[in-house]
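Order of appearance sets the numbers: ligands from 1, and atoms from 1 within every ligand. What you see is a predicted model; the values in this text were computed from it and never measured. Computation of the quantities below employed the complete heavy-atom set of this structure, encompassing side-chain atoms and omitting hydrogens, waters and symmetry-equivalent molecules.
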Amino acid sequence: AAKQTGEPVRRWSPALDERAGEFVRLGAEIRAALDNDQFRVVYQPIVELPAARVAAVEALVRWEHPVRGLVSPAAFIPVAERNGLIVELGEWILRTACRQLADWRATLGELAPDRVSVNVSARQLARPHFAATVAAALADSGLPASCLAVEVTETAVFEGGQAVVALHELRALGVRIALDDFGTGHSSLGLLQTVPVDILKVDKSFVDNVTAAGRHAVIAEALYQVSSGLGLAAVAEGVETAEQAEALYKVGYRLLQGYHYGRPVADPDFALPAAMSEFR
Ligand code: C2E
Ligand code: CA
Ligand code: CA
Ligand code: CA
């Protein structure tokens, strides 16, 4: 619709001024929150079927705001990306997640997940020394590189350039690369030809309406086939029901993530109840 009517010319207005003010204010609050230790990292299980073992966890950031309570990352990550604070926040998240998994490995042994998956923004990836930052976080935590995955979106790597250089450097370290929200971008399949990837995270939108018989299962299966044909691991995201889990299992998926298996929490239970091993 925007194309037909033409983009309206944007002029500076009090409303825009307010939004800019809000942007600056929230940016300053994020800065203060970093200094005051208000960010937390929570971990969501990525379950491997049929045993329903917690094979990995995804690290997700939370802001414990003293007044507003728990603030969703959707509300502050975009601001941190725009004002550049994501670089510092992202490094803190990375270091926290590496330390946490190193800790679980030391205390839980076999029960600890094999890997922690950390979301990385385009802005972080574009920095010239991103791989060195990751290497330092690994060294300081004592976590082996093979225990870390970075999750990047298609848009972050779409332009190629330094972001793709960084992915090659990370891979050389032994870090896994996961393509997040797979299938929602403009050139999901094309990217697989040029970008080093180990894991496809198939977007929740392909999981939402999946049932054993429906057309959504056909699409979910096609995405699984691409992934396995290329020798990649596929994680289905946003699995909320046993019915979805069963339909995904039937078309090949063995790695599932979603509220059905567990919400992101500070200290997940890695011994999932046997009831979760639905498929045998
Ligand atoms: P994402 O990377 O796609 O993360 C998955 C989101 O889906 C998470 O939301 C997770 O809590 C939610 N989710 C997981 N399972 C289910 C389910 O079964 N049903 C539904 N409805 N939702 C589910 P969250 O934690 O609010 O994060 C939202 C987005 O914020 C993330 O999307 C990611 O893009 C960004 N984000 C979160 N943490 C970080 C971070 O540490 N760094 C960066 N750069 N971005 C982050
Ligand atoms: Ca993610
Ligand atoms: Ca995702
Ligand atoms: Ca997403």
So, regarding [X] and ligand 1 (criterion: nitrogen or oxygen to nitrogen or oxygen, under 3.5 Å), is there a contact or not?
X: E240; result: yes
X: N119; result: yes
X: I93; result: no
X: R62; result: yes
X: Q44; result: yes
X: S121; result: yes

Under a single-linkage definition using a 4.5 Å side-chain heavy-atom cutoff for Ile, Leu, Val, Met, Phe, Trp and Tyr, are L34 and L94 assigned to the same hydrophobic cluster? yes
If we ignore hydrogens and angles and just use 3.5 Å, is the side chain of E58 paired with the main-chain N or O of Q44 as donor and acceptor? no
Show me which atoms of ligand 1 lie under 4.0 Å from any heavy atom of G238. 16 (C), 17 (C), 18 (O)
What are the atoms of ligand 1, with element, lying closer than 4.0 Å to any heavy atom of P264? 11 (O)
I need the contact type for [X] against ligand 1. Using non-hydrogen atoms and a strict under-4.0 Å cut-off, is it side chain, backbone, both or neither?
X: D180; value: side chain
X: T153; value: neither
X: K204; value: side chain

Any luck finding a side-chain donor-acceptor pair between T133 and E91 under 3.5 Å? no
Regarding S188 and E154, do their side chains bring together a donor and an acceptor under 3.5 Å, going by distance alone? yes
Below 6.0 angstrom between ring centroids: does that apply to F270 and Y43? no
Whether [X] lies under 4.0 Å from ligand 1, heavy atom:
X: K201; value: no
X: E81; value: no
X: G90; value: no

Salt-bridge criterion met for D140 and R99 (N-O under 4.0 Å): no
Can a salt bridge be assigned to the pair D35 and R31 using a cut-off of 4.0 Å between side-chain N and carboxylate O? yes
Filtering Q124, R123, E237 for the heavy atom nearest atom 5 (C) of ligand 1 leaves E237
Check each of V152, L60, V41 against atom 4 (O) of ligand 1 and report the one with the nearest heavy atom. L60
Distance to the ring centre below 6.0 angstrom and angle to the axis at most 45 degrees; does that hold for R127 and F130? no
Please check if the number of heavy atoms outside R105 that lie under 6.0 Å from its CZ is greater than 12. no
Do other residues, nucleotides or ligands put more than 12 heavy atoms under 6.0 Å from R82 CZ? no
Between L200 and the options V235, L232, L223, L255, the side chain to side chain contact (heavy atoms under 4.5 Å, CB included) test singles out L232
Sort by chain and number the protein N/O/S atoms found under 3.0 Å from the Ca ion (ligand 2). E58 OE2, N119 OD1, E151 OE1, D180 OD2
Can you tell if the side chain of V41 reaches within under 4.5 Å of the side chain of R62, non-hydrogen atoms only? no
Do V150 and I177 touch side chain to side chain, with heavy atoms closer than 4.5 Å? yes
